[in-house]
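Data block below; observations after.
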Number of protein chains: 2
Amino acid sequence: MTKPRPDLRERKKQATKEALRSAALRLALERGPENVRVDDIAEAAGVSPRTYNNYFSSREQAIVAAVAAERETRVAAAVAARPADVSLAEAIIDAVVEQYTDPGHPAGDVLLMITTNPALRACYIDAAAMIEDPLAAAIIERAPSVDRLTAQALSASVGAAARVALRQWLESTAPSPSTSGFVIVSGSLPTLMRTALTPLAPALDAVVPLRGGPPR
Amino acid sequence: MTKPRPDLRERKKQATKEALRSAALRLALERGPENVRVDDIAEAAGVSPRTYNNYFSSREQAIVAAVAAERETRVAAAVAARPADVSLAEAIIDAVVEQYTDPGHPAGDVLLMITTNPALRACYIDAAAMIEDPLAAAIIERAPSVDRLTAQALSASVGAAARVALRQWLESTAPSPSTSGFVIVSGSLPTLMRTALTPLAPALDAVVPLRGGPPR
DNA sequence: CCAGGAACTTGCGCGCACGCAAGTTTGCGT
DNA sequence: ACGCAAACTTGCGTGCGCGCAAGTTCCTGG
């Protein structure tokens, strides 16, 4: 499909990126994330420190990327995979939630490390934005009549809601001695995610009337 | 209201912040933004360079803050100001759009400077996120039955959509030699903003049935 | 097969963000 | 009025992000 690109150059590029990712993750797990300089990562990956910054613009990015790498791809695929007779909202929400439950959901220790370190948490949350572009594409795929701006706005909204859920979850899991508010909303990530995304359903469905008439 | 806080300490703080903001803006306008070091801003504001970073975490933030400072406050007020018999969606969309049209919308030269400099553009776009918290508060204000997560998700969505519109507008105005796509969506900011926000209307209205029955 | 050139890496240097540990100012209880 | 504690400022040191200008590797048309 969009795969056959054995451009030597490209492969090397991905290889380097992968090397940096895994090196970053490994080192971060061995010593704390705080005790890993970018020079270390670069050295471990066999490239110059300068090169590191050609791939990742922040130190945390490499670590987080190792975890959230392919969510970007998977979301689009997951949406496309839903049968055409379910509403857009259902398809998207399920697909997104799925990304944060099913797969190589970071092994426990990795997640712990991320939740522990504030910088990593922030970066992990921001990483949710990476699903937006593929998502917009997926939306247009389903409903070519939707214009770009709308699709972008909707997918950005989904991304934003996901981030809210993520933040909520992270700060409830975090070492928060005094949960300032009274109400404890904490729950499983999937649950939170669904709760945060559900309010957007009307907006998503409004844009694609699910041709054939209203839901049975 | 929430104003009476003549805490000497607090006043000095705000004064310093204001000093930094305006100094940053003035210097950025005089020489280019590129030719302004944080040391300059700090000196112009009469504080240590280190102190600067206690107020702003990035150099651009100070410049942009000078422009987007009170949008944060105004949004909440603007939403609250709408009569109770208009839908939530209408109230919010109008209020947000209003923020980007009416008021001390940055004088032309300032806007030009921001649109010209990539770093500033990025920062300006991100600044739109500042409306989210007040917005969430405003939503809960209108409909106390809405739970926090939902309110946050919705306001985050609004913020995200606004950012999309903003980005679109900025990159259409920008020195883009080849607009990669065929379709030119460009338009006035208010128009773009509305277009981006409108798809969210169903979601916003779904959450607050506008007590009294469905819209006439 | 071989230039010519694009893409990528690397060393260098600058400015910036931020933790830390004083030093200074402000608020508050007694 | 006074002194203590909290808040804020400041200098210093470290690591980082990135523009720039070589140097190196890889692709492409002839």
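Chain naming here is simple, since letters A, B, ... match the order of the sequence lines and numbering starts at 1 in each.
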Inset, instruction - Indicate whether the side chain of B/Thr51 and that of B/Asn54 have a donor and an acceptor atom separated by less than 3.5 Å. - result: no

Inset, instruction - Could you state the atom-to-atom distance from CZ of B/Arg11 to C1' of D/dC8 in whole Å? - result: 16 Å

Inset, instruction - Determine the contact category for A/Arg37: base if any of its heavy atoms lies under 4.0 Å from a base atom, sugar-phosphate if only primed atoms, P, OP1 or OP2 are that close, otherwise nothing. - result: sugar-phosphate

Inset, instruction - Indicate yes or no: at least one non-hydrogen side-chain atom of B/Val67 is less than 4.5 angstrom from one of B/Leu111. - result: no

Inset, instruction - Enumerate the residues from residues 41-62 of chain B whose closest heavy atom to DNA chain C is under 4.0 Å, giving them by residue number; use none for an empty result. - result: B/Arg50, B/Asn53, B/Ser57, B/Ser58, B/Arg59

Legend entry - OP1 or OP2 of C/dC8 under 4.0 Å from side-chain N/O of A/Lys13: yes

Inset, instruction - Hey, could you give me the CG/CZ distance between A/Asp94 and A/Arg194, rounded to the nearest 0.5 Å? - result: 4.5 Å

Legend entry - Atom-pair distance (CG on A/Asp7; C1' on D/dT25), nearest Å: 12 Å

Inset, instruction - Using whole Å, report how far CG of A/Asn35 lies from P of D/dT14. - result: 16 Å

Inset, instruction - Check whether NZ of the Lys or CZ of the Arg B/Arg71 lies under 6.0 Å from the centre of the six-membered ring of B/Tyr100 and within 45 degrees of that ring's axis. - result: yes

Legend entry - A/Gln14 backbone acceptor or donor facing A/Glu18 side chain under 3.5 Å: no

Legend entry - Integer-rounded Å distance: D/dC16 P and A/Asp39 CG: 6 Å

Inset, instruction - Would you kindly give the CZ-to-C1' distance between B/Arg9 and C/dT25, to the nearest whole Å? - result: 6 Å

Legend entry - Distance test, side-chain N/O of B/Lys12 to OP1/OP2 of C/dT25, below 4.0 Å: no

Inset, instruction - Check whether any side-chain heavy atom of A/Arg31 lies under 4.5 Å from a side-chain heavy atom of A/Val36, and answer yes or no. - result: yes

Inset, instruction - Provide, to the nearest angstrom, the distance between the CD atom belonging to B/Gln14 and the P atom belonging to D/dA7. - result: 16 Å

Inset, instruction - Measure the OH-OG1 distance between B/Tyr55 and B/Thr16 for me, rounded to the nearest 0.5 Å. - result: 4.0 Å

Inset, instruction - Starting from C1' on D/dC16, measure out to CD1 on A/Ile63 and report it in whole angstrom. - result: 14 Å

Inset, instruction - State, with a plain yes or no, whether a side-chain heavy atom of A/Leu120 is found less than 4.5 Å away from one of A/Thr115. - result: no

Legend entry - CG-OG distance between A/Leu197 and A/Ser157, expressed to the nearest 0.5 angstrom: 10.5 Å

Inset, instruction - Five pairs at each end of the helix from C/dC1-D/dG30 to C/dT30-D/dA1: take the axis at both ends and give me the angle between them to 10°. - result: 40°

